[in-house]
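When reading the values below, keep in mind they use all heavy atoms of this one structure, side chains included, and skip hydrogens, waters and symmetry mates.
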Amino acid sequence: MSPAPAGKLIVISGPSGAGKSTLVKRLFELKPGPLVSSVSATTRPPRPGERDGVDYYFISPEEFARRRSQGEFLECCQVFGSDHWYGTLRSEVTPSLQAGKWVVLEIDVQGTLEVLRQYPDAVTIFIHPGSMQELERRLRGRRTESEADIARRLEVARQELAAAHHYRYQVVNDQIERAAQELSNILLSQKGADR
Ligand code: ADP
Ligand code: 5GP
């Protein structure tokens, strides 16, 4: 049982390529509250430019399994057809919540459902890319995945879009600035709410 947290848990999900990282970066600049990000652990290799401890904690499958068996994850799962493990470390969340921070998790749908079991008042927001065509264009434009990876991510995206109704809010990322403002307003509307 978790004690009633003083802070807020904010969960942001959406298909890979929908623009979550871009929007979250802008949200931190808009700063609607005392935001902190939770750095996830993953077994996937870093992309060019990604930094260990900043974008993710990049760890081996063995290290991931060890931490998992020790109960260090609030939630963890294999995303994208069981390729790699991703997980939210309790150490990234609990101390910040207790300090009254708004902890932002960028996680997938499976992870969100697990978080909601433990924190039913988490503010959950689903980011839509606009259309599947636009999603494909953004994934290709990012130039970080292989063709096979892009095809797999598009397939997973269809399943994720079908799960959007689990989220309290849905935001269409048609334009970065407009969508970031909408996200910011959603969080501002939570101020003072006992969530
Ligand atoms: P995610 O974190 O959801 O996987 P990213 O933030 O990496 O997605 O965005 C995927 C690509 O789409 C990036 O190249 C990003 O610059 C671009 N992008 C994000 N939002 C928009 C938008 N509203 N319009 C056009 N391109 C966007
Ligand atoms: P990427 O490889 O593009 O960084 O992330 C792939 C997917 O993994 C995204 O949908 C992202 O939201 C999800 N993800 C990242 N970290 C976590 C995590 O800690 N837990 C879960 N469940 N999903 C995560």
Side-chain angles (χ1 to χ4, degrees), residues 9-28 35-94 96 103-118 122 124-129 132 134-164 166-167 173 176:
L9 204 46
I10 296 155
V11 180
I12 303 207
S13 302
S16 176
K20 299 181 296 296
S21 307
T22 308
L23 288 180
V24 167
K25 186 163 172 275
R26 182 70 186 119
L27 184 66
F28 271 75
L35 299 173
V36 290
S37 51
S38 158
V39 179
S40 292
T42 183
T43 60
R44 93 152 157 72
R47 296 184 187 128
E50 283 185 330
R51 287 173 296 163
D52 186 40
V54 177
D55 299 289
Y56 283 102
Y57 297 109
F58 295 100
I59 61 178
S60 67
E62 294 74 25
E63 172 80 359
F64 200 106
R66 186 187 64 74
R67 291 186 173 206
R68 188 178 178 216
S69 67
Q70 290 182 344
E72 289 187 27
F73 290 109
L74 174 61
E75 61 75 33
C76 65
C77 61
Q78 283 175 294
V79 301
F80 301 118
S82 80
D83 254 327
H84 297 294
W85 282 89
Y86 293 77
T88 306
L89 291 158
R90 292 184 192 281
S91 57
E92 289 286 311
V93 172
T94 319
S96 294
V103 186
V104 179
L105 308 184
E106 240 186 277
I107 63 176
D108 79 343
V109 174
Q110 298 172 72
T112 303
L113 296 179
E114 181 54 39
V115 167
L116 279 172
R117 273 189 278 277
Q118 300 177 57
T124 55
I125 306 170
F126 190 92
I127 308 291
H128 287 267
M132 285 302 286
E134 177 61 14
L135 183 65
E136 184 165 353
R137 201 187 64 74
R138 286 183 199 168
L139 276 174
R140 285 188 197 289
R142 196 165 64 182
R143 296 176 184 279
T144 50
E145 278 86 20
S146 65
E147 272 304 309
D149 233 3
I150 289 174
R152 201 142 31 100
R153 282 173 193 244
L154 287 174
E155 183 49 42
V156 172
R158 287 190 185 87
Q159 297 166 21
E160 288 178 326
L161 289 167
H166 290 293
Y167 290 74
N173 177 21
I176 295 168

side-chain contact (heavy atoms from CB on, under 4.5 Å), that's the test. Do Tyr86 and Cys77 meet it? Break it down for me. CA-CA 6 Å; Tyr86 293 77; Cys77 61; 5.6 Å; no
Would you please say whether a donor-acceptor pair under 3.5 Å links the side chains of Gln118 and Glu114? yes
Do Glu106 and Ser21 meet the criterion of a side-chain donor-acceptor pair at a distance under 3.5 Å? yes
Please find the pair of heavy atoms, one from Glu92 and one from Ser38, that lie closest to each other, and give the distance. CB-OG, 3.5 Å
Pair Phe126 and His128, ring centroids less than 6.0 Å apart: yes
Give the minimum heavy-atom separation between Asp52 and Phe58, together with the two atoms involved. OD1-N, 2.8 Å
Walk me through it: do Glu145 and Arg152 pass the test salt bridge (charged side-chain N to carboxylate O under 4.0 Å, His left out)? CA-CA 10 Å; Glu145 278 86 20; Arg152 201 142 31 100; over 6 Å; no
Does the distance from a Lys or Arg side-chain N to an Asp or Glu carboxylate O, for Glu50 and Arg44, drop under 4.0 Å? yes
The ring-ring contact (aromatic ring centres under 6.0 Å, His included) partners of Tyr57 (sequence neighbours excluded) come to none
Decide side-chain contact (heavy atoms from CB on, under 4.5 Å) for Ile59 and Arg67; before the verdict, give the C-alpha distance in whole Å, the side-chain angles of both, and the deciding distance to 0.1 Å. CA-CA 10 Å; Ile59 61 178; Arg67 291 186 173 206; 4.2 Å; yes
Heavy-atom nearest pair, Ser13 first then Tyr167, reads OG-OH, 2.8 Å
With side-chain contact (heavy atoms from CB on, under 4.5 Å) as the test, would you mind laying out the steps for Val115 and Leu9 before giving the verdict? CA-CA 9 Å; Val115 167; Leu9 204 46; 3.8 Å; yes
Among Leu105, Leu35, Val24, whose side-chain contact (heavy atoms from CB on, under 4.5 Å) with Ile10 holds? Leu35
Evaluate the ring planes of Phe73 and Phe64, with Trp represented by its six-membered ring, and classify them as parallel (under 30°), tilted (30 to 60°) or perpendicular (over 60°). parallel
Minimum heavy-atom distance Ala122-Val11, with the two atoms named: CB-CG2, 4.2 Å
Please report the interatomic distance CD1(Ile12) to CG(Leu23), rounded to the nearest 0.5 Å. 7.5 Å
OG1 (Thr43) and CD (Glu62) are apart, to the nearest 0.5 Å, by 9.5 Å
Gap between atom CD1 of Ile150 and atom CZ of Arg143 - 0.5 Å precision: 9.5 Å
Sidechain-backbone polar pair: Thr88 side chain, Ser40 backbone, donor-acceptor under 3.5 Å: no
Inspect the contact between Glu72 and Arg68 and indicate whether a charged nitrogen and a carboxylate oxygen are less than 4.0 angstrom apart. no
Is the backbone N or O of Val103 less than 3.5 Å from a side-chain atom of Ser96, with the two atoms forming a donor-acceptor pair by type? no
Of all heavy-atom pairs linking Ser37 and Phe28, the shortest is N-CZ, 3.6 Å
CZ-CZ distance between Arg47 and Arg142, expressed to the nearest 0.5 angstrom: 4.0 Å
How long is the straight-line distance from OG1 of Thr22 back to CG of Asn173, given to the nearest 0.5 Å? 7.0 Å
Inspect the contact between Arg140 and Glu147 and indicate whether a charged nitrogen and a carboxylate oxygen are less than 4.0 angstrom apart. yes
Is any side-chain heavy atom of Val79 closer than 4.5 Å to a side-chain heavy atom of His84? no
Distance only, no hydrogens: is a donor on one side chain within 3.5 Å (strictly under) of an acceptor on the other, for Thr112 and Thr124? no
Heavy-atom pair of closest approach, residues Leu161 and Pro129: CD2-CD, 4.2 Å
Would you give the length of the straight line joining atom CG of Leu154 to atom CD of Gln159, rounded to the nearest 0.5 angstrom? 11.5 Å
Has the side chain of Lys20 got a donor or acceptor atom that lies under 3.5 Å from a matching backbone atom of Pro15? yes
Inspect the surroundings of CZ in Arg66 and state if more than 12 heavy atoms from other residues, nucleotides or ligands are less than 6.0 Å away. yes
